A.B. asks: 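Sharing a structure with you now.
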Amino acid sequence: MVLINENYLKLTESYLFSDIKKKVTAYQEQHPEARIISLGIGDVTRPIVPAIIEAMHKAVDEMGHAETFRGYGPEQGYRFLQDRIIEHDYRSRGVELDADEIFVGDGAKSDLGNIGDILSVKNRVAVTDPVYPVYVDTNVMAGRAGELAGDGEHWSQIVYLPCTAENNFVPALPTERPDIIYLCYPNNPTGTALSKEELQKWVDYALENESLILFDAAYEAFIHDENIPHSIYEMKGAKQVAIEFRSFSKTAGFTGLRCGYTVVPKELKLYNAAGEKVGVNRLWNRRQTTKFNGTSYIVQRAAEAAYSQLGTQQIKESIEYYMRNARLLKESLQRIGLQIFGGDNAPYIWVKTPNGLSSWKFFDRLLHECHIVGTPGVGFGPSGEGYFRLTAFGRYEDTVEAISRIQEWKL
Ligand code: MLT
């Protein structure tokens, strides 16, 4: 008898975005005439910029010649990319890192899920609530989440840190000590951000309580305000307590190409069962060299080009395009009396559903009556109930059209 991992049976039937996709497909089949605008999943719509395409063409050609062909690359990523990352994403902000602290991967989602491999299942996990569902679901799979409560929303072993309009979406420090804390800033899904002072409080908390922070900085490229940190390592002491996850998906339109990286500082030490300190960088390296054969050479050349002068400039234009959508959504929806959060330093708008509508009710009505897809806040966690997420990653014309449909909508 072959036994399965029972933890998988505890999960809801499907991943949030697959669930939404199914609902939208069913609706479209019944209403083929409806022109549905998707402002749901945070997927980019702008094509890859020319500087990156050119670098990829060159890399493809290299693969076709014996002299420049590349087979297996380093599991941690090519040095040419690691060096660019250090120089542009860290040194420019006063953070020094060594190349062997950077692990290039196929996107933040994989590493955020895989990091649990090197952490005991006995660890207590805390998440901000609402939260990117991957953090919770991967801990359910690993057996770290406990049991789902009767309300169908809370896991018994997970510490929830509510982020709502009442606390201005700034989570309070936990009252019961978690071992692992997931933070995502600028935040998905609320589109809000933490100031340097606020993030420093979390680092200080982790230092005092010997907690580990898993910091998802996938949206840092959308930061506009000076006082918002791009990396957790801008905070004093963070290298001792934090692992940072970065992605080219939203920054450079790589949702289909796949590339990201994870920073595991050598200063970060956790404990073995005997209470001795163990370096985490070594463990993650061991995990990656065994289970991962590196991101493709072509994709890493593409990522490298994202840092070239031309690449940086072209990417900036795409980011500005999306942030124009964010501003437009925010200002127009505020004008019609909706309560809106986020959208200043992140490509997400967090809408308070009007008239006390539940998140899913609002989703259904927006789909059926306006033919617009968004993401129900409650899908990201219990404190997301009564909220709704819209993404700024749509095409500009679609965003304008969606706004005009909502403006005419009799709610
Ligand atoms: C989202 O819509 O929250 C994101 O696109 C999901 C992801 O990045 O995997």
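Counting starts at 1 for both ligands and their atoms, following the listed order. All of these numbers come straight from a predicted model, not from anything done at the bench.
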A.B. asks: If I take atom CD from residue E385 and atom CG from residue D129, how far apart are they, to the nearest 0.5 angstrom?
C.D. replies: 11.0 Å
A.B. asks: If we only count heavy atoms from C-beta on, is the C184 to V131 side-chain gap below 4.5 Å?
C.D. replies: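 No, every pair of side-chain atoms sits at 4.5 Å or beyond.
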A.B. asks: Considering only NZ, NE, NH1 and NH2 on the basic side and carboxylate oxygens on the acidic side, decide whether E320 and K316 come within less than 4.0 Å.
C.D. replies: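 So E320 pairs with K316 through a salt bridge.
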A.B. asks: Of all the atoms in ligand 1, which lie at a distance below 4.0 Å from a heavy atom belonging to K250?
C.D. replies: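 In order of number, 4 (C), 5 (O), 7 (C), 8 (O).
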A.B. asks: Looking only at N/O atoms, are K109 and ligand 1 under 3.5 Å apart anywhere?
C.D. replies: no
A.B. asks: Between ligand 1 and G42, is the shortest N or O to N or O distance under 3.5 Å?
C.D. replies: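 Yes; the residue has a nitrogen or oxygen that sits under 3.5 Å from a nitrogen or oxygen of the ligand.
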A.B. asks: Of all the atoms in ligand 1, which lie at a distance below 4.0 Å from a heavy atom belonging to I41?
C.D. replies: 2 (O), 5 (O)
A.B. asks: Pull out every atom of ligand 1 sitting under 4.0 Å from any heavy atom of N188, numbered as shown with elements.
C.D. replies: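 The atoms of ligand 1 under 4.0 Å from a heavy atom of N188 are 1 (C), 3 (O).
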A.B. asks: So which bit of F393 gets within less than 4.0 Å of ligand 1, heavy atoms only: side chain, backbone, both or neither?
C.D. replies: neither
A.B. asks: Does the N or O separation between R389 and ligand 1 drop below 3.5 Å for any pair?
C.D. replies: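 By distance alone, the answer is yes.
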A.B. asks: Do E147 and K10 sit within salt-bridge range, that is, some charged N less than 4.0 Å from a carboxylate O?
C.D. replies: yes
A.B. asks: Does R301 make a cation-pi contact with F80, if we ask for NZ or CZ under 6.0 Å from the ring centre and within 45° of the axis?
C.D. replies: yes
A.B. asks: Minimum distance, heavy atoms only, to atom 7 (C) of ligand 1: which one of F17, Y219, Y132 is it?
C.D. replies: Y132
A.B. asks: Between the side chain of S359 and the main-chain N/O of G384, is any donor-acceptor distance below 3.5 Å?
C.D. replies: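 Flag set: sc S359 to bb G384 pair under 3.5 Å.
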